[in-house]
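Take a look at the structure below.
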Protein chains: 2
Amino acid sequence: MKALSKPKPVTIYEVARHAGVSIATVSRALRDSTLVTEATRARVRAAVEELNFTPNQLGRSLAEGRHAANGIVFPDLVGPYYAEVVLGYEEVASELGRSVLILATSGRRDATAAVLDLARRVDGMAIIANAVPDDVVTDIAATGLPVVLLARQPVRGIDTIRTRNDRTAAELAAHLAAHGHRRITFLGDPDRSSDVAGRLAGLRTGLRAAGLPEPAAVRCALDVAAGEAAAIELLAGSDRPDAVVCANDEVALGARLAAEAAGLRVPEDLAVTGWDDVLAARFTGLTTVRQPMRDLGAVSARWLHHRITERTTDGTPVPARRRVLPTRLVVRRSCGCPAS
Amino acid sequence: MKALSKPKPVTIYEVARHAGVSIATVSRALRDSTLVTEATRARVRAAVEELNFTPNQLGRSLAEGRHAANGIVFPDLVGPYYAEVVLGYEEVASELGRSVLILATSGRRDATAAVLDLARRVDGMAIIANAVPDDVVTDIAATGLPVVLLARQPVRGIDTIRTRNDRTAAELAAHLAAHGHRRITFLGDPDRSSDVAGRLAGLRTGLRAAGLPEPAAVRCALDVAAGEAAAIELLAGSDRPDAVVCANDEVALGARLAAEAAGLRVPEDLAVTGWDDVLAARFTGLTTVRQPMRDLGAVSARWLHHRITERTTDGTPVPARRRVLPTRLVVRRSCGCPAS
DNA sequence: TTGAAAGCGATACCAA
DNA sequence: TTGGTATCGCTTTCAA
């Protein structure tokens, strides 16, 4: 063992010298097939083996003018929601030979700077929900960097993929109405998420169609504690609802805790529904809505790849794409249905 | 608008020309403070503004000889476990000014190649559990690339961080023994995860200490379906246990389903415990063990950063570090304790 | 089929 | 304090 301090990186030059060829030939041998004799290719391979050469990705990328990497930006990874999206994204991206850089923006003051930094390291990026403000999104897209938006209000000229909120929420409303629930309250903040806004809008539509009064809406964050706190206050009020439709499952679970604490039975005294169908929903009989989160990530990775590769063959600007993935009402006990 | 086809990247050269200085000065103005007049700095800044210049990260990294990026490798992101680890890792890494590349190896044939590719794109990487085989780990570490192992059997010469399995599992065993459970079976595969192996070992130790017989061990994967299937078979057998200790919460939830299907009450007829304390555990009264997953990621990011930065000042090779983070038994109903 | 050499876009050393 | 220029490691014409 020599000095461990500097593991002396092996470059293409050494390989070339070792194989008795030029660096150009080494480069070719390592990628093209046609332009190199099988004999020389073998010599190069041998040298590569012997020297344990591994091409420097930076040099390569710089020369090729591409990163061969994609980014994905999300608020955080709390709860299974975003994690699933990221997983679907990663799977497809790496199938397509691209590395994946992640960035969580929640709770950091320099989110914008971080996203701009990310933009310098990738050939395209997906942005989930409200991870970054609109103007940053448009700024980045204006750079020419391919961007795809997920679970977020579309921005002009940018590809967007969402999951169905309105229609399924309306369906949920009809279902609750059929159960005889009349005084329905929505728990969640429509101003902080376009998904939540869509769910509330759908709920409104559905209730109206059922001839029921407008639902009240109580703002709260998307976690158990927030849902519990909001529900405690709500249930202590004079005009207690007979059903709460929650923006997601965590909130619903929190609402349930509040109901228990208030001595109310679910669903007899208070129906509760969620959204996302997390594991806990299944095991607590929570009626909810399932969405194809993995697909959301997968599709976005695929779209991004198209954008990235198409942009080399510059033709007419391909118009922005939109897609809404289907969601499905999952009926369990908490809405008033008999235990299955 | 001109041709949108080639957004013509703005380089440091244009900025230099625009500001009437050399590229060296531009570079300085954008980083050092001392070596540039405030006046010239202003001119450079103006040019940067006007041209909307953004430095190319590849050029920069190549020149600096570093990626300013870290990798993290995990089997998958299913369940909250790895997601939390990744989140903790990302948070610290980006605080330290490093980007984060992720790689999921589960269910891909070319896992090794993918990890090696990742190794070319980062200054260091964390590897979780059995995401990649030992020999690959040592190969990468031999490269000189800083590596830290998480929730995994230590490898000679490599930093490793784990969470406490044995001791807490023994504690759990004692708790179950105190409940009067005597015939205890373990559900999980100790051969596929050092965490699982540690939990089983701890269970053994604890039961022995309590004067109870050796636990049976039934192998199964770490998801609900696997747990359910394994438990169905187990409970159908002639020598039914009175408690099953599961390798994680998902398995425990599956076991519970099996118990219900078999007409057994939990915990009266069968006690069930899990590991991880996922959300569903809390809401189903599952006795389990909580681990600091976020910390696991955070600490590893910090260690990695040390390794990466220390290696410039080459001195004596710092010996590999080891750390075991504490875990905590969370007692709920499923072990036999009264509902709290 | 192969080699020489010109980039790719920054950093940083050496002079001035 | 500034400019000129070598350098990082690779890809890719252009000739031979």
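Quick note on labels: first sequence line is chain A, next is B, and so on, each numbered from 1.
A:E38 has its CD atom 16 Å from the C1' atom of C:dT2, to the nearest Å. Between the CZ atom of A:R28 and the P atom of D:dC10 there is a distance of 15 Å, rounded to whole Å. The interatomic distance linking B:Q57 (CD) with C:dT11 (P) rounds to 9 Å, in whole Å. Note: CG (A:L30) to P (D:dT11) measures 7 Å, nearest angstrom. Separating the CZ atom of A:R121 from the C1' atom of C:dA10 is a distance of 14 Å, rounded to the nearest angstrom. Following rounding to the nearest Å, A:N56 (CG) and D:dT11 (C1') show an atom-to-atom distance of 13 Å. Computed from coordinates, the B:Y13 OH to C:dA10 P distance equals 9 Å when rounded to whole Å. Spacing between atom CG of A:L58 and atom C1' of D:dT11 amounts to 14 Å, rounded to whole angstrom units.
You'll find the side chain of B:V148 stays beyond 4.5 Å of the side chain of B:R307, heavy atoms only. Within the 4.5 Å cutoff, no side-chain heavy atoms of A:Y89 are placed close to those of A:L150. Between B:T11 and B:N56, every side-chain heavy-atom pair lies at or beyond the 4.5 Å cut-off.
Within 3.5 Å, no donor on the side chain of A:R120 pairs with an acceptor on the base of C:dG9, nor the reverse.
Note on A:V26: nothing from the nucleic acid sits closer than 4.0 angstrom, heavy atoms only. Counting any heavy atom pair closer than 4.0 Å across all strands shown, B:T11 reaches sugar-phosphate atoms only and no base atom.
B:E310 and B:R321 are not joined by a salt bridge, as no carboxylate oxygen comes within less than 4.0 angstrom of a charged side-chain nitrogen. A salt bridge links A:D134 to A:R152: one of the charged nitrogens lies within less than 4.0 Å of a carboxylate oxygen. Ion pair A:D295/A:R302 not flagged as a salt bridge, since none of the NZ, NE, NH1 or NH2 atoms sits closer than 4.0 Å to an Asp/Glu carboxylate oxygen.
For A:T25, the side-chain atoms get nearest to C:dT2 when compared with the rest of C:dG9, C:dT2, D:dG3. Here the side chain of A:L35 is nearest to one of D:dC10, D:dT2, C:dT2, namely C:dT2.
Contact check, B:T34 against D:dT1: no side-chain N or O comes under 4.0 Å of OP1 or OP2. Under 4.0 angstrom from either OP1 or OP2 of D:dT2 there lies no side-chain N or O belonging to B:S22. Considering only side-chain N and O atoms, B:T40 lies nowhere under 4.0 angstrom from the phosphate OP1 or OP2 of D:dT1.
Checked by atom type, the side-chain pair A:R108/B:S94 shows a donor-acceptor distance below 3.5 Å.
Nearer to the 5' terminus of DNA chain D, by closest-nucleotide assignment, is the contact made by B:V21 (compared with the other of B:V21 and A:S27). Taking for each of A:V36 and A:I23 the nucleotide of DNA chain C with the nearest heavy atom, the 5'-most of the two is the partner of A:V36.
Expressed to the nearest 0.5 Å, how far CG of A:L145 lies from CG of A:D139 amounts to 12.0 Å.
Using a 4.0 Å cut-off on heavy atoms, the residues of residues 59-68 of chain B that approach DNA chain D are B:L62, B:A63, listed by number.
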